[in-house]
2 protein chains.
Amino acid sequence: MDNSHDRPGVRDVTLAPADERAAADQADAFASVRNAHESEVAEDYVELIAELVDSNGEARPVDLAERLGVKPPTVTKNISRLVRNGLVRRERYRSIFLTEKGVALADACRRRHRIVVATLIALGVDSETAERDAEGIEHHVSDETLVAFEQFVTSRG
Amino acid sequence: MDNSHDRPGVRDVTLAPADERAAADQADAFASVRNAHESEVAEDYVELIAELVDSNGEARPVDLAERLGVKPPTVTKNISRLVRNGLVRRERYRSIFLTEKGVALADACRRRHRIVVATLIALGVDSETAERDAEGIEHHVSDETLVAFEQFVTSRG
DNA sequence: TATGAAATTTAGCCAAGGCTAACTCAAGGG
DNA sequence: CCCTTGAGTTAGCCTTGGCTAAATTTCATA
């Protein structure tokens, strides 16, 4: 009954160079995704801070927390990293503002966000779903893909 | 010189219900992304195990590690979680196989992956970039968006 | 102006998912 | 038949990004 020790499958598959290349490419792709994930939080925060400054004149941790769906201490902790990375300026117990570098990143993110949303809508996705999915998708859209999206949405005015 | 205690911006912004709703929706969207991230690893592993079983007859941790671009101990640790979640079957020091549930998830993932790649290509992205970006995008494509993608790629022969 | 409520931060916890070093096991060759 | 070698695992560490509870600070207002 117990044949679990018969090791099935082929062990002598000597991978051809082509397959090794493919494996390496795939590994790179996965590594990129993991890397992208590390900057996702930074992008989300910076994008949101820019929005809040535009609409409220300032970005308070409590508002960031509400918009992001996390608790204030989480915001404090993550903002500290943004400060370390030179994206954000802060004084204790005061609001948060973007540095020049932060503004540049926010602008790029918001542009990319708009293009992704527009593309999804152009493909027939309803705007609510488009907004929702874009939040996750945008961080994984390369520059090349963004160009393709942009051409697609503009070329059908 | 030190005017840092002047708190700039408007504090009396009483959020209208509409804005509160928008904030809650945005918080939900971010929460979804965080949630999606938790299942990304599971999806990547299951998808890859299915591929390896198809092509090699078995999925060895060392091959998974190579394809994923991580070290073998990482694979062991993550596979343990998949076992806990009933997606994978394993015996110590032997290859890894999918459970029925794992096969179902792998099939859904591979289908979604194909559709995302096809959509990107249809939008003018070169196939290499499409493959790369899809690896990150696929986890954030909702069912509604997937339907839209599918119609788009089929409706243009 | 004193005080209480709300905002912010600190401290300390947890799980996920990476890593290296070191150990265990399986299988083939001498 | 042992023993080397490579596959797999264990142990232990790190960072990220969540959380709660408990300070601390600010600000409005009584």
Side-chain angles (χ1 to χ4, degrees), chain A residues 4-15 27 30-45 48 52 56 58-85 88 90-97 139, chain B residues 4-15 27 30-45 49 52 56 58-85 88 90-97 139:
Chain A
S4 60
H5 283 259
D6 299 337
R7 194 147 197 177
V10 195
R11 263 301 156 87
D12 51 299
V13 196
T14 308
L15 284 180
F30 283 121
S32 295
V33 174
R34 285 195 300 273
N35 254 342
H37 182 250
E38 286 175 19
S39 45
E40 275 180 39
V41 173
E43 293 183 359
D44 287 341
Y45 275 67
L48 194 46
L52 287 171
N56 298 355
E58 64 175 347
R60 297 186 307 163
V62 69
D63 295 328
L64 281 170
E66 189 197 359
R67 297 294 201 102
L68 291 164
V70 301
K71 302 295 178 184
T74 301
V75 170
T76 297
K77 193 185 283 193
N78 288 331
I79 290 295
S80 298
R81 249 206 343 286
L82 300 191
V83 171
R84 279 209 303 280
N85 298 342
V88 144
R90 171 183 57 170
E91 285 158 64
R92 281 167 54 104
Y93 296 99
R94 303 234 112 74
S95 282
I96 297 154
F97 297 94
H139 304 290
Chain B
S4 59
H5 284 260
D6 300 337
R7 193 146 199 178
V10 195
R11 263 299 155 87
D12 52 300
V13 197
T14 306
L15 283 180
F30 282 121
S32 295
V33 174
R34 285 195 300 272
N35 256 341
H37 182 250
E38 286 175 19
S39 45
E40 275 181 39
V41 173
E43 294 182 0
D44 287 342
Y45 275 68
I49 291 167
L52 287 171
N56 298 355
E58 66 174 347
R60 296 185 308 162
V62 69
D63 295 328
L64 281 170
E66 189 197 359
R67 296 294 201 102
L68 291 164
V70 301
K71 302 295 179 185
T74 301
V75 170
T76 296
K77 192 185 284 193
N78 288 332
I79 290 294
S80 299
R81 251 206 340 287
L82 300 192
V83 171
R84 279 208 303 279
N85 298 342
V88 145
R90 171 183 56 169
E91 283 158 65
R92 281 166 56 102
Y93 297 101
R94 302 237 114 72
S95 282
I96 297 155
F97 297 94
H139 303 291

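Bear in mind that the values here come from a model prediction, so they are computed numbers and not experimental data. Residue numbering restarts at 1 for every chain, and letters A, B, ... go by the order of the sequence lines.
Listed by chain and residue number, H140(B) satisfy the side-chain contact (heavy atoms from CB on, under 4.5 Å) test with A36(B) (two or more places apart in sequence, or in another chain). With sequence neighbours left out, the side-chain contact (heavy atoms from CB on, under 4.5 Å) criterion links V62(B) to R60(B). Residues satisfying the side chain to side chain donor-acceptor pair (under 3.5 Å) test with R90(A), not counting sequence neighbours, are S80(A).
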Between protein and nucleic acid, restricted to nucleotides 1-5 of chain D and to nitrogen or oxygen atoms under 3.5 Å apart, what atom pairs and distances do you find?
none

Going through the distances and angles, do F97(B) and V88(B) end up as a side chain to side chain contact (heavy atoms under 4.5 Å, CB included)? CA-CA 6 Å; F97(B) 297 94; V88(B) 145; over 6 Å; no

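If you measure from atom NE2 of H37(A) to atom P of dG18(C), you get 11 Å, rounded to the nearest angstrom. A straight line from CD of E40(A) to P of dT15(D) spans 21 Å, rounded to a whole angstrom. Regarding R90(B), its CZ atom lies at a distance of 12 Å from the C1' atom of dT10(D), rounded to whole Å. In this structure, NE2 of H139(A) is placed 17 Å from P of dT16(D), rounded to the nearest angstrom. Between the CG atom of N35(A) and the P atom of dG18(C) there is a distance of 11 Å, given to the nearest Å. Distance CD (E66(A)) to C1' (dT8(C)): 16 Å, rounded to an integer number of Å. In this structure, N78(A) atom CG and dC19(D) atom C1' are separated by 12 Å, rounded to whole Å.
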Give every donor-acceptor pair under 3.5 Å between a side-chain atom in residues 72-79 of chain A and any protein atom, sequence neighbours left out.
unit_1: T76(A); atom_1: OG1; unit_2: P72(A); atom_2: O; d: 3.4
unit_1: N78(A); atom_1: ND2; unit_2: Y45(A); atom_2: OH; d: 2.8
unit_1: N78(A); atom_1: ND2; unit_2: T74(A); atom_2: O; d: 3.4

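Position along DNA chain C of the nearest nucleotide to S39(B) versus V62(A) favours V62(A) as the more 5'-ward residue.
For the pair R60(B) and dG6(D), the criterion of a side-chain N or O lying under 4.0 Å from OP1 or OP2 is not met. Considering only side-chain N and O atoms, R92(B) lies under 4.0 angstrom from the phosphate OP1 or OP2 of dT10(D). In terms of phosphate contacts, R94(A) brings a side-chain nitrogen or oxygen within less than 4.0 Å of OP1 or OP2 of dC27(D).
The aromatic ring centroids of H37(B) and H139(B) lie 6.0 Å or more from each other.
Sorted by residue number, the members of residues 70-77 of chain B with any non-hydrogen atom under 4.0 Å from DNA chain C read V70(B), K71(B), P73(B), T74(B), K77(B).
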